[in-house]
Amino acid sequence: MTCPCGKGESLEVCCGPYLSHAKKPETAETLMRSRYTAYATGNVDYVVETHDPDRRNDVDRKNTEAWSKQSEWIGLEITSTEKGQPEDDVGVVEFVARYRVKGVKIEHRERALFRKHAERWVFVDGIEIKGPPVVRTEPRVGRNDPCPCGSGKKYKKCHGTAA
């Protein structure tokens, strides 16, 4: 099985050793990737364990587990990192986590803060960031154009009316 984190390696070689506690993540990005993999594989214990101990009570384990298991995990994209290397004490990872819930595709964009606690990287907090603006690719429908719904009426008399 390819690792859900997107590095292209097998789960056993990539994030598996972190999830089984055989290794500890050396960078904030590695922790981010392993946490995404934990969500994707339903390993909520790992998600809770890698949360900052000072904020661990903020995690709603029951809802996190339900969301983790009810979602179809599509992929992770790391868009940027700041610090978060083995010699650092803090790091920031900006990412896009893609998943589906009840058939609806969601792109969660976040700027996540990590810190070292007892020589281990932990997730502290994240700030959701807006995605790129939606750009219209098709021409705008004019008031007197035929309605795109196929009714045969003018747009202004069909779906173009303001409520």
Side-chain angles (χ1 to χ4, degrees), residues 1-84 90-115 117 120-138 140-141 147-150 159-160 162-163:
M1 172 182 176
T2 303
C3 190
C5 84
K7 286 183 78 176
E9 302 170 354
S10 71
L11 176 61
E12 293 76 26
V13 172
C14 191
C15 290
Y18 306 121
L19 274 60
S20 68
H21 305 291
K23 287 173 56 178
K24 62 182 181 180
E26 296 176 355
T27 67
E29 179 181 338
T30 305
L31 178 60
M32 179 63 238
R33 288 183 179 281
S34 65
R35 283 175 58 88
Y36 178 87
T37 299
Y39 280 112
T41 59
N43 188 342
V44 177
D45 289 336
Y46 183 81
V47 172
V48 174
E49 291 164 8
T50 58
H51 214 85
D52 188 328
D54 296 340
R55 305 188 73 171
R56 204 167 277 161
N57 291 335
D58 296 347
V59 180
D60 182 337
R61 193 188 189 297
K62 184 179 177 184
N63 283 337
T64 300
E65 184 169 16
W67 172 63
S68 168
K69 292 182 178 179
Q70 293 169 4
S71 299
E72 175 190 350
W73 298 89
I74 302 168
L76 174 69
E77 176 187 351
I78 304 295
T79 56
S80 71
T81 59
E82 297 170 19
K83 296 189 177 184
V90 295
V92 175
V93 179
E94 197 169 298
F95 66 92
V96 181
R98 294 179 177 87
Y99 59 96
R100 271 192 197 89
V101 176
K102 297 181 182 176
V104 177
K105 185 177 178 183
I106 298 170
E107 287 193 353
H108 174 79
R109 297 169 184 275
E110 185 174 306
R111 187 170 168 79
L113 174 63
F114 296 86
R115 75 175 178 101
H117 172 78
R120 296 181 72 98
W121 283 105
V122 293
F123 169 78
V124 178
D125 198 6
I127 299 169
E128 190 170 353
I129 54 178
K130 294 183 179 191
V134 177
V135 179
R136 180 189 301 267
T137 57
E138 67 279 344
R140 189 176 183 122
V141 179
C147 191
C149 77
H159 285 94

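Heavy atoms only: backbone and side chains are in, while hydrogens, waters and symmetry mates are out.
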Could I get the full list of side-chain contact (heavy atoms from CB on, under 4.5 Å) partners for [X], not counting sequence neighbours?
| X | value |
| --- | --- |
| V141 | D145, P148, Y155 |
| K23 | P17, Y18 |
| T79 | E77, E94, V96 |

Side chain to side chain contact (heavy atoms under 4.5 Å, CB included) between L31 and F114, worked out: CA-CA 9 Å; L31 178 60; F114 296 86; 3.6 Å; yes

For [X] and [Y], work out which heavy atoms get closest and say how close.
| X | Y | answer |
| --- | --- | --- |
| C147 | H159 | SG-ND1, 3.3 Å |
| Y39 | T64 | CE2-CG2, 3.6 Å |
| Y46 | R35 | CE2-N, 4.0 Å |
| I78 | E29 | CG1-OE2, 3.9 Å |
| L19 | S34 | CD1-O, 3.6 Å |
| W121 | P25 | CD1-O, 3.4 Å |

Derivation of the side chain to side chain contact (heavy atoms under 4.5 Å, CB included) call for V92 and L113: CA-CA 5 Å; V92 175; L113 174 63; 4.1 Å; yes

Donor-acceptor contact present, side-chain Y36 to main-chain G75, <3.5 Å: yes

Short side-chain to backbone donor-acceptor contact, S71 and S68, under 3.5 Å: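 Absent.
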
Side chain to side chain donor-acceptor pair (under 3.5 Å) pairs, two or more places apart, involving residues 1-11: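 Matches after skipping sequence neighbours: none remain.
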
Under 3.5 Å side-chain donor-acceptor pair for T27 and T30: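 There is such a pair (donor and acceptor under 3.5 Å, judged by atom type) between the side chains of T27 and T30.
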
Residue pair L11, T37: steps toward the side chain to side chain contact (heavy atoms under 4.5 Å, CB included) verdict: CA-CA 9 Å; L11 176 61; T37 299; 3.5 Å; yes

Worked verdict on E110 versus I127 for side chain to side chain contact (heavy atoms under 4.5 Å, CB included): CA-CA 5 Å; E110 185 174 306; I127 299 169; 5.8 Å; no

Salt bridge (Lys or Arg N to Asp or Glu O under 4.0 Å) partner of E107, the single match among R98, R100, K130: R98

Qualifying salt bridge (Lys or Arg N to Asp or Glu O under 4.0 Å) pairs with a residue from residues 43-60, counting only residues at least two apart or across chains: D45-R61, D52-R115, D54-R115, R55-D58, R55-D125

Ring pair (Phe, Tyr, Trp, His ring centres under 6.0 Å) partners of Y99, counting only residues at least two apart: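 Y99: ring pair (Phe, Tyr, Trp, His ring centres under 6.0 Å) contacts with W67, W73.
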
Exceeds 12 heavy-atom contacts within 6.0 angstrom, atom NZ of K24: yes

